[in-house]
2 protein chains.
Amino acid sequence: MRHKTGWWHRRLRGRGYRITVPRQIILEVLSRTSRHLSAEDIYIEVHRIYPQVGLTTVYRTLELLMRMGLIYKFDFGDGRARYELAEGPQGKLHHHHLICTGCGRVVDYTDFIEEEVDLLQKTEKGLSRKYNFKIQSHLIQFYGLCAECRKREE
Amino acid sequence: MRHKTGWWHRRLRGRGYRITVPRQIILEVLSRTSRHLSAEDIYIEVHRIYPQVGLTTVYRTLELLMRMGLIYKFDFGDGRARYELAEGPQGKLHHHHLICTGCGRVVDYTDFIEEEVDLLQKTEKGLSRKYNFKIQSHLIQFYGLCAECRKREE
DNA sequence: ATATCTGCAAAGACTTTGCATGAGA
DNA sequence: TCTCATGCAAAGTCTTTGCAGATAT
């Protein structure tokens, strides 16, 4: 175990999960990047640090971390899931995604989030009541063409 | 050609696409349902009406209709895409989805949409300017537990 | 010590592609 | 007639599963 104690240890240990090298490295990779990594992207990065890790373990770890709420899984429409650290002490700010339908590029934006909060809370409250759902989370994405793709379309 | 002229004829013909039996039936199935059908669901329904159709054609037709903006494609997180008619004369009202993370049930809601419009327009305008994107569409989904799944969790 | 975790290989699920035949305009 | 569209089979991707060996506690 070459890596120093992380903030997630208590979360895992608390539920009886073990702190293993692959888990630590996967979380490390996720916290170091600002990109939107697919399982294979993560596998490649992890593999660089610790070559004996397998893709299966990456998938299983991501599944676990997701169930624990440590990471989020996104679908940007290109047929593979993307993962990022949940917001929090080590995670990023709450943000949404702006996706280019031309080239698949994804931009994180944190603008207008404040204005959203009001509306979202109101909506969540209303939906909870009307449909008897206990709302846990939301997903907001915008789709469009980035500058380069727009040029190319001409 | 057993089916009467549909509103989509001009859209297809206008771009040089042919009006074929499978295309008509697929659109018919989509306009008759209020469910969120997967490609295979659609295949099954279409097959019932016109058994010689293949799943491949369903996929190809859905792809075409999507490119033309006649239908939308959604990902509710269960590994298969769902399709529905775009809003419009024959389509449904603009709505968003409320997804149960327990059983996968999806509820369409049209509440609070009006309040959203303001915010969305403002956000779209801001994002366009700041990131130089030409915004085309947005996706909003809420996730939570439906009443039954909440009961089951206790 | 022992229950959990991992890696490999194989299987599974959904979707796409190649190609010869069939059908719309 | 002559493209465009279809069906079948095969292939392609991403993801999950089974199982024996390895590892954390």
Side-chain angles (χ1 to χ4, degrees), chain A residues 1-6 8-27 36-44 46-47 49-68 71 73-83 104, chain B residues 1-6 8-27 36-44 46-47 49-68 71 73-83 104:
Chain A
M1 195 170 83
R2 318 161 10 274
H3 295 272
K4 72 175 199 294
T5 299
W8 55 79
H9 279 211
R10 13 184 38 249
R11 295 283 295 271
L12 288 169
R13 298 297 308 284
R15 299 208 207 176
Y17 295 115
R18 294 180 176 169
I19 311 298
T20 66
V21 175
R23 286 174 182 172
Q24 290 177 87
I25 299 184
I26 289 168
L27 277 160
H36 304 91
L37 301 176
S38 68
E40 183 153 17
D41 293 334
I42 294 167
Y43 167 70
I44 290 169
V46 169
H47 196 264
I49 302 174
Y50 188 69
Q52 56 267 51
V53 78
L55 182 55
T56 303
T57 297
V58 173
Y59 274 109
R60 279 193 284 229
T61 301
L62 292 172
E63 158 70 24
L64 172 67
L65 298 177
M66 228 174 49
R67 282 204 322 268
M68 303 199 50
I71 64 174
K73 180 181 184 178
F74 292 96
D75 168 58
F76 296 147
D78 63 348
R80 76 200 64 191
R82 308 300 179 124
Y83 301 85
Chain B
M1 193 169 85
R2 311 151 30 265
H3 294 272
K4 70 174 200 296
T5 298
W8 56 79
H9 280 212
R10 14 185 35 251
R11 295 281 297 269
L12 287 170
R13 298 297 309 284
R15 299 209 207 175
Y17 296 114
R18 293 179 177 169
I19 310 299
T20 66
V21 175
R23 285 175 183 173
Q24 289 177 88
I25 299 183
I26 288 168
L27 277 160
H36 304 90
L37 301 177
S38 68
E40 182 152 19
D41 293 336
I42 294 167
Y43 167 70
I44 290 169
V46 170
H47 196 263
I49 302 173
Y50 188 71
Q52 55 268 52
V53 77
L55 182 55
T56 302
T57 298
V58 172
Y59 274 109
R60 279 193 283 229
T61 301
L62 292 172
E63 159 71 23
L64 172 67
L65 299 177
M66 228 174 51
R67 281 204 323 266
M68 302 199 50
I71 64 175
K73 180 180 184 179
F74 292 96
D75 167 58
F76 296 147
D78 64 348
R80 76 200 63 188
R82 307 301 180 122
Y83 301 86

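To find a chain, count down the sequence lines: A is the first, B the second, and so on, and within it residues start at 1.
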Side-chain heavy atoms of A:Leu62 within contact of A:Ile42, under 4.5 Å: yes

Once base and sugar-phosphate atoms are separated, protein heavy atoms under 4.0 Å mark nucleotides 13-22 of chain C, 5' to 3', with B, S and - as -SBBBB----

Within the 4.5 Å heavy-atom criterion, are B:Leu37 and B:Arg82 side-chain neighbours or not? no

Specify the separation, in whole Å, of atom CZ of A:Arg15 and atom P of C:dC5. 13 Å

Do side-chain atoms of B:Glu63 reach the backbone of B:Tyr59 as a donor and acceptor pair under 3.5 angstrom? no

Taken to the nearest whole Å, CG/A:Leu64 to C1'/D:dT16 is 15 Å

Please state how far atom NE2 in B:His47 lies from atom P in D:dG7, giving the value in whole angstrom units. 9 Å

At what angle, to 10 degrees, do the two end axes of the helix from C:dA1-D:dT25 to C:dA25-D:dT1 meet, given five pairs define each axis? 40°

Going by the angle between their ring planes, with limits at 30° and 60°, are A:Phe74 and A:Phe76 parallel, tilted or perpendicular? parallel

Over how many whole Å does the gap from B:Gln52 atom CD to D:dC8 atom P extend? 9 Å

Could you state the CD-C1' distance from A:Gln24 to C:dT6, rounded to the nearest angstrom? 15 Å

With a 4.5 Å limit on heavy-atom distance, are the side chains of A:Arg15 and A:Arg10 in contact? no

Report the C-alpha separation of B:Ile19 and B:Arg13 in whole Å, then their side-chain angles, then the decisive distance to 0.1 Å, and conclude whether the side-chain contact (heavy atoms from CB on, under 4.5 Å) test is met. CA-CA 7 Å; B:Ile19 310 299; B:Arg13 298 297 309 284; 3.6 Å; yes

Could you give the OH-to-C1' distance, from A:Tyr43 to D:dT13, as a whole number of Å? 16 Å

Which residues pass the side chain to side chain contact (heavy atoms under 4.5 Å, CB included) test with A:Thr61, sequence neighbours left out? A:Arg23, A:Ile26, A:Thr57, A:Leu65

Given side chains that start at C-beta, do those of B:Leu12 and B:Met68 come closer than 4.5 Å, heavy atoms only? yes

Among the nucleotides C:dG24, C:dC5, D:dG7, whichever has the atom closest to the side chain of A:Tyr17 is C:dC5

Calculate the interatomic distance between A:Met68 atom CE and C:dC5 atom P; express it in whole Å. 11 Å

Is there a side-chain contact between A:Arg11 and A:Tyr17 in this structure, where contact means two heavy atoms from C-beta onward sitting under 4.5 Å apart? no

Which nucleotide sits closest to the side chain of A:Arg13: C:dC5, D:dT25, C:dG24? D:dT25

Can you tell which of D:dG7, C:dG7, D:dA24 lies closest to the side chain of A:Thr20? D:dA24

Find the distance B:Asp75:CG to D:dT15:P and express it as a whole number of Å. 11 Å

